[in-house]
Visitor: 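Take this structure, written in structure tokens, and hold onto it; I'll ask about it next.
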Amino acid sequence: EVKQFDNRIDANSTAISAETTRATAAEKSNADAIAAETNRATAAENSNKDAIAAETTRATAAENSNKDAIAAETQMR
């Protein structure tokens with residue numbers, strides 16, 4: 001006996017297709033957001049690395065200047 005279906009198969013197929021389209025778009029959006037965040041974080045880390053290097057150079061020069069001033073002051077005594 002052949003039974004007539006009540007369009008549930010077509011409705012399910014349409015729903016599956018719609019969900020596949022939605023999920024694919026969401027995954028693309030997530031991948032784009034991850035790539036953007038990776039780029040942002042990498043740029044921030046590089047900026048921090050550069051700032052740390054500059055501060056290390058400045059602090060080293062200041063320490064050397066202080067060391068020289070202490071040595072000069074000690075020799076004057």
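Nothing fancy with the numbering, it's 1 onward along the sequence.
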Visitor: Could you give all pairs that pass the side-chain hydrogen bond (donor to acceptor under 3.5 Å, both in side chains) test and reach residues 36-46, with sequence neighbours left out?
Guide: E37-R40
Visitor: Under the salt bridge (charged side-chain N to carboxylate O under 4.0 Å, His left out) rule, what pairs show up with a residue in residues 19-35, not counting sequence neighbours?
Guide: E19-R22, K28-D32
Visitor: List in chain and number order the residues that pass side chain to side chain contact (heavy atoms under 4.5 Å, CB included) with T56, two or more places apart in sequence or in another chain; answer none if no residue qualifies.
Guide: I52, T60
Visitor: Quick check against the 3.5 Å criterion: does S17 have a side-chain atom that pairs as donor or acceptor with the backbone of S13?
Guide: no
